[in-house]
Amino acid sequence: MTITTRFAPSPTGYLHVGGARTALFSWLYARKHGGKFILRIEDTDLERSTQESVDAILEGMAWLGLDYDEGPFYQTHNFDRYKEIIQQLLRQGDAYYFYCSKEELEQLRTDQMANKEKPRYNGKCRASGPLLQDSEPVIRFRNPTDGVVVIHDLVKGDITVANKELDDLIIARADGTPTYNLTVVVDDMDMKVTHVIRGDDHINNTPRQINILNALKVKLPEYAHLPMILGPDGARLSKRHGAVSVMQFRDEGYLPDALLNYLVRLGWSHGDQEIFSVDEMVEFFELNDVNVSASIFNMEKLLWLNHQYIMNGDPVHVARHLSWHMGQLGIDPSDGPDLIDVVKVQRERSKTLVEMAASSVYFYKEFDSYEEKAVKKNFTVGSDQVLARLRDELVVLTKWTAQEIHQVIVDLAEVLGLNMGKVAQPLRVAICGSGVSPAIDVTLALVGREKTLARIDRAINYIRSLN
Ligand code: GLU
């Protein structure tokens, strides 16, 4: 048996962290077992589904690297098949045209309320019969009236629901379009999904879906319902807790692997290990290690993880993602030093790629102005002369390397009887516009000879204009 999982988002918004975690767990389970992972877009709610959301989901999946073996399938392309199954259920007597009027249902509700009963559809108008002419009834599934449904949930354990708690679900609307539970069942059946891994907000649908699958006489898939993700205040995670859309994390400078690592730990653990490569996730992932209780989204931990990935990840990989952020700042990274070298010198100090990009602009582009505080502190009287001496020494260097540059700075500090900072800091402000940068010799080596000399000239003129 090929293990087959699916991610089945409704395209009614962006791909949020909850959806991404469901996708990740389904993906991991398939990858672990040499199985198949399917992407299915559940777009039958025509009013709420948008192409923009479909694009956002596909973009999010691609950015996270959650590749699918089949799909994306669109439920709106599969209406004929749903109709076929609805007809089959009607023929078998497992579904029926429903002719109660709105008024009759209202009356039922009023009576139930008066009798202090839970208002629910009670099987009124359940009789079978052909479609009456000139009528547009909905179609209901004939749910068993006695017995129980047991969900053997791989996360939550056995859950038993009495059939008398379940009403006869509408499986086709008056206009003939199928409803959510029907389409899910048909697709899971046709796609031979072996493991339905989804959020536990769907757990109420599961016994209904099991009953339909039983009526269709197919083998049930295994179910695993994932606990909710909450914000730090204990409320369901939402926009007001900060970023929740996967692509917003990209925009804020997170690496996809850091987010994946964060997501895998949301509700799943493997000993006390915190950092997992994707290969390790695949190797260690087990559904029965998923927590039963809800997990809390912790931005600080995600930020910590991101920093770990930036510091310890392959610089080529980090540079590839940094490149996008440089582009966002209007910088073409081919206009300066190799971005991989920039990553190597910047990564200790950058928790996000947004920070790294912002503090790497001067490698590629002239800055507009000097940071005021840095000017006050370092462009003091006489600093122009220090810079002029530095320029004289630098211009004659035969090799433009960090080592040679370092020697120039050390030697000049000694000759002038100044401490290193008095030489290096004005130079740093001249080259970077602020008092913060990686080691100054490395910085100059990356900025390059021409730009360095031009910026020293610019700083000398600036200092002279001040004093
Ligand atoms: N389309 C449903 C949703 O986006 C998921 C259905 C399922 O996974 O069974 O919530």
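The figures here come from the full heavy-atom set of this structure, side chains too, leaving out hydrogens, waters and symmetry mates. Every number for a ligand or one of its atoms is a count from 1 in the order of the listing.
For atom 5 (C) of ligand 1, the nearest protein heavy atom (residue, atom name, distance) is Ala8 O, 3.2 Å. Nearest protein neighbour of atom 1 (N) of ligand 1, counting heavy atoms only, is Glu42 OE1, 2.5 Å. Residue, atom and distance of the protein heavy atom nearest to atom 8 (O) of ligand 1 are Arg6 NH1, 2.8 Å. Atom 6 (C) of ligand 1 has as its closest protein heavy atom Tyr180 OH, 3.1 Å. Summary of contacts: the protein heavy atom closest to atom 10 (O) of ligand 1 is His202 NE2, 2.8 Å.
One finds the CZ atom of Arg208 at 5.0 Å from the CG atom of Leu166 (value rounded to the nearest 0.5 Å). For the atom pair Ile340 CD1 and Ser323 OG, the distance stands at 10.5 Å (nearest 0.5 Å).
A salt bridge is defined here as a Lys NZ or Arg NE, NH1 or NH2 lying under 4.0 Å from an Asp or Glu carboxylate O, and Asp69 with Arg31 meets this definition.
Side-chain contact check for Phe276 versus Glu283: every heavy-atom pair is 4.5 Å or farther apart.
Ligand 1 has no nitrogen or oxygen under 3.5 angstrom from a nitrogen or oxygen of Val184. Of the polar atoms of Arg198, at least one N or O is found under 3.5 Å from an N or O of ligand 1, judged by distance alone. Of the N or O atoms in Asp201, none lie within a sub-3.5 Å distance of an N or O in ligand 1.
The aromatic ring centroids of His321 and His325 lie 6.0 Å or more from each other.
Residues Thr4 and Lys192 come closest through the heavy atom pair CB-O, 3.4 Å.
Contacts with ligand 1 closer than 4.0 Å are made by heavy atoms of both the backbone and the side chain of Ser10.
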Note to self: Assess the residue pair Tyr180 and His202 against the criterion (ring-ring contact (aromatic ring centres under 6.0 Å, His included)); give the C-alpha distance rounded to whole Å, side-chain angles, the decisive distance to 0.1 Å, and a yes or no.
What the structure shows: CA-CA 11 Å; Tyr180 161 71; His202 284 288; 5.7 Å; yes
